Amino acid sequence: MPAAPARPPAPHPRRSRLVPLIAFVSPKGGVGKTTIAANVAALLAARGHEVLSLDLDPQNALRVHLGMPVRDEAGFLAEIGSGTAWRAAVRHTPYGVDLLPHGEVEPRRALELARLVMDRPEVLAEPVREMLADPHRLLIVDSPPGPSPALSAIMPLIDLSVVVLLPDGGSASLIPQIADGRFLGRGTLALRAAERALLVLNQVDLESPLSTAVLDCAQAVMGARLVGVVARDSGVAEALADRRLPVEIPGSRAAEDLSLLTEGILGRLTLPPAMSAGGHSVLTHWGLRR
Ligand SMILES: Nc1ncnc2c1ncn2[C@@H]1O[C@H](COP(=O)(O)OP(=O)(O)O)[C@@H](O)[C@H]1O
Ligand SMILES: [Mg+2]
């Protein structure tokens, strides 16, 4: 009897996979991507979700926000292409969030890594697909500012891009590009990713006419895709200096906003029943509310 013809490999079941990938991105640096990614990851873990966070920024700062010792310089992206399994780079943080730090790299090595990922995006896309194969995990990605080979490599896998901007004049001019997806690049993939892009305005000060003008603009252009607004709060930088997260600090103005943002993000995801548990309020967990 002739052997049955080999089946072609099944296409990657993108739509049917359960694990959402949420990427914090921005055309700009210094806008609060890492701060917000760390706090949202910790709040999701506090709600009972299994969270894996992945730092794609050579600044390697996510680990600091998540309370890891700075002497541990190892990381996932720094080792990419070397054949090391990504699981070996996972760190368990005090916030219950698993972390794949970027790893410390010299500027020259950062450029080499960018070139490697640009030439062979699969070296990053393949392990990220493996991370997404675990049905109970949420994947949170922190990214470098602007376009990057690493972000391009995982673009087709992103379920939600959360774009972070400050309420300043420069950012206001970028909001239309966020709404129509131009900032994510050209082509159908970028357009598709743009449809799933949400906006967060960080460091908003309602006493400042510029802040409120940019907030009005964001609400008008983005509508319901403005998923959160985080107050400017000097406690945010102070918390980092104390190696704590702002959401741990009772009474912090930013903490309440970060909690609402987390709930807004969760509300945009279709989670399987096993992941929609965690009935208690994140604010209760952090002692911010009765
Ligand atoms: N809501 C906020 N209020 C005050 N300072 C903030 C706030 N969010 C972030 N910061 C500060 O802004 C700076 C940049 O934040 P960071 O998260 O490193 O930005 P990015 O990752 O976009 O470069 C840090 O010093 C951080 O403490
Ligand atoms: Mg950052």
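Fair warning: this is a prediction, and the values are worked out from it, not measured in the lab. Counting starts at 1 for both ligands and their atoms, following the listed order.
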Item to complete: Would you tell me which option among V230, D233, V204 has the nearest heavy-atom contact to atom 3 (N) of ligand 1?
Response: D233
Worksheet entry | Nearest non-hydrogen protein atom, atom 25 (O) of ligand 1 | A237 CB, 4.7 Å
Discussion item. Tell me whether R63 is salt-bridged to D72, with the criterion being a basic N under 4.0 Å from an acidic carboxylate O.
Written reply: no
Practice prompt. Have a look at S252, G32, P246, A37 and point out the one with the heavy atom closest to atom 19 (O) of ligand 1.
Written response: G32
Discussion item. Under the side chain to side chain contact (heavy atoms under 4.5 Å, CB included) test against L199, which residue among L165, V162, V164 passes?
Written reply: L165
Fill in: Protein heavy atom at shortest distance from atom 11 (C) of ligand 1
Q203 NE2, 3.9 Å
Practice prompt. Measure from atom 1 (N) of ligand 1 to every heavy atom in A254, G235, A231 and give the option owning the shortest one.
Written response: A231
Item to complete: Between N202 and ligand 1, find which residue part has any heavy-atom pair under 4.0 Å and reply side chain, backbone, both or neither.
Response: side chain
Discussion item. The Mg ion (ligand 2) and T34: any N/O/S contact shorter than 2.8 Å?
Written reply: yes
Fill in: Within-cut-off N or O pair, H65 and ligand 1, under 3.5 Å
no
Item to complete: Would you please determine whether G30 falls within less than 4.0 Å of ligand 1 on a heavy-atom basis?
Response: yes
Item to complete: Would you please say whether a donor-acceptor pair under 3.5 Å links the side chains of D205 and S211?
Response: no
